[in-house]
Protein chains: 4
Amino acid sequence: MSLNKVILIGNVGKDPDVRYFDSGSAIASFPLATSERGYTLANGTVIPERTEWHNIVARRDLVSFVEKWVKKGSGLYVEGKIRTRTYDDQNGIKRYVTEIHADRIEFYSTGSRPADSSMAQTATNTSNTMSQPVQPNTGYQQPGTAIQSPSPSFSESNEADDLPF
Amino acid sequence: MSLNKVILIGNVGKDPDVRYFDSGSAIASFPLATSERGYTLANGTVIPERTEWHNIVARRDLVSFVEKWVKKGSGLYVEGKIRTRTYDDQNGIKRYVTEIHADRIEFYSTGSRPADSSMAQTATNTSNTMSQPVQPNTGYQQPGTAIQSPSPSFSESNEADDLPF
Amino acid sequence: MSLNKVILIGNVGKDPDVRYFDSGSAIASFPLATSERGYTLANGTVIPERTEWHNIVARRDLVSFVEKWVKKGSGLYVEGKIRTRTYDDQNGIKRYVTEIHADRIEFYSTGSRPADSSMAQTATNTSNTMSQPVQPNTGYQQPGTAIQSPSPSFSESNEADDLPF
Amino acid sequence: MSLNKVILIGNVGKDPDVRYFDSGSAIASFPLATSERGYTLANGTVIPERTEWHNIVARRDLVSFVEKWVKKGSGLYVEGKIRTRTYDDQNGIKRYVTEIHADRIEFYSTGSRPADSSMAQTATNTSNTMSQPVQPNTGYQQPGTAIQSPSPSFSESNEADDLPF
DNA sequence: TTTT
DNA sequence: TTTT
């Protein structure tokens, strides 16, 4: 009887941090910015642009995707849930930090070039016929794709649909 | 080029706090719980239930709606955006708090009784033919309504659609 | 530069239809009802309840989940995208049918019993310690779970999070 | 116990059709395209781009917004619910058409110019200090705005927040 | 019929 | 700390 759903489109603030644990699991995290454009009211009041920073946390299959493709500046579509965790800071004071635990991460092309979507979508689809990105971290690169309620990056994206309709 | 969207269904943790300002504006806030049911893994590991608390903030027209109808225990559907603000605590330490700024709040009946939705939906609809809730805060009351991509509580909900289809 | 996202919570209208193809692929489909509660306007006009029927289509991993667990009456959370396809009817007239292609399907308990969520969540999690539903199709059964931006039924749901936080 | 929610980002296929009724109500409708980018599978299979057309229906306050600002080519963010209605075609055959009844419509800038968002947002905010678009239908114009869980076009968008935080 |  |  509960729903906790977040949908974000924004830009990555810095290269993801990826940590591996002895258990074999891993976690990737990075900041994502969403921006509300400023405007001016009828009475002349200027409402400035406002940028919101979200702490994105990725686990399991999403870790390798993030590690391989997500960079500072990447334009992303992120679905997930809100989680607030507590920790004690250096002064022993209880602190709260709210994070978005991602269930889905997709590139969201910001409009410009007709990006090649195939290579970034599937961890298992490495031997495809598409050209690989040559200099993946040179500024604006986005293996991006349009999102149609973006299919799960790993389980469904690039599988063939050999169905009669 | 940005999207910051949150959709929650959960229960209100305590009666809302409503504050009025000299400017004439007002703000209502309350905690909302969403719960992830626990489960047991194949290997026997027990994953306990997990409850997430969200700080909901309502402004403008939503304030009077919240003040009038939302109580501890209310089952709500909330749409909004994530905002993190900072403040200095009593020790002058910068603190962060993440809130959900609501764009839409609707009652979400948790299934049981065929609740009467009309009275809770519209601030302008006070003289309707429906009975008012008598003891609005006695436990499980929910003026609730099913949600069909719930229409804005105040601008669209109970207006007649005198259209030919 | 595109988004096509649907989120539904409703009830299954009849047992799913599952079809298998020579290629090895399969498809499951079933109707899902969402209901808008009726209400009475201030002027006395009665707006009746309205039920919307959605054609849900599931593919790949979701097929076996649907086949095994989804029944007439099931309360479901469905995420997906809208797709309209055309076909020629028996009179050779072009017809349109709009479907929701599911990316995620979860049970959504309608409140009542503290349902046991584990068994319905993971196709690979059959040997867990939880009791199986005995009479899975006797009316109100729902292996259901609360949804926290429900994790992918198959790729993420019941995996252990052996992480330090 | 129901949710019927659609979120779309796409482009308008042709200028909206606006109809007025004797009752004083009005309705606007237009097609919106969302596109799934094509890709090539590992085995060489080419999956072509796929465009989905959605029938958007706007009522009440949204009508005047649509009439004034939405044009063929406009990049829009649309929230609403799915509705399928029936009608008898010229041969007396029952036909179905699925529409998206919009609860919210916002411009979604496709990246390029730093568009001025103020004028398109609020029907009541006509005397603001922002310049009005001079030739609103000359191709690419978009009064657009970034969307932060976009605030209701008419009830909340450009109101001042004269709150102390 | 739109966009990239 | 990102983008427009």
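A, B, ... follow the sequence lines: proteins, then strands. Residue 1 opens every chain. Please read these numbers as outputs of a predicted model, since none were measured by experiment.
What separates CG of A:Asp15 from C1' of F:dT1 is a distance of 11 Å, to the nearest Å. Atom P of nucleotide F:dT2 and atom OH of A:Tyr108 are separated by 22 Å, given to the nearest angstrom. A:Asn55 has its CG atom 15 Å from the P atom of F:dT1, to the nearest Å. In this structure, D:Leu76 atom CG and E:dT1 atom P are separated by 19 Å, rounded to whole Å. Straight-line distance from the OH atom of B:Tyr96 to the P atom of F:dT1: 12 Å, rounded to whole Å. In this structure, D:Lys14 places its NZ atom 8 Å from C1' of E:dT1, rounding to the nearest Å. D:Lys71 has its NZ atom 16 Å from the P atom of E:dT2, to the nearest Å. Distance, A:Arg37 CZ to F:dT2 C1': 14 Å, rounded to whole Å.
When distances run from any side-chain atom of D:Trp53 to the nucleotides F:dT3, E:dT3, E:dT1, the shortest one goes to E:dT1. Across F:dT2, E:dT3, E:dT1, the shortest atom-to-atom separation from the side chain of D:Pro31 is found for E:dT1. When the nucleotides F:dT1, F:dT3, E:dT3 are ranked by their closest atom to the side chain of A:Ser35, F:dT3 comes out on top. Across E:dT3, E:dT1, F:dT2, the shortest atom-to-atom separation from the side chain of A:Ala33 is found for F:dT2.
C:Ser2 and D:Ser35 share no donor-acceptor pair across their side chains, judged by distance under 3.5 Å alone. A donor-acceptor contact closer than 3.5 angstrom links the side chains of D:Glu79 and D:Tyr77.
Among residues two or more places apart in sequence or in another chain, the side-chain hydrogen bond (donor to acceptor under 3.5 Å, both in side chains) test is passed with A:Tyr20 by A:Glu67. Applying the side-chain hydrogen bond (donor to acceptor under 3.5 Å, both in side chains) criterion to B:Asp89, with sequence neighbours excluded, gives B:Arg95.
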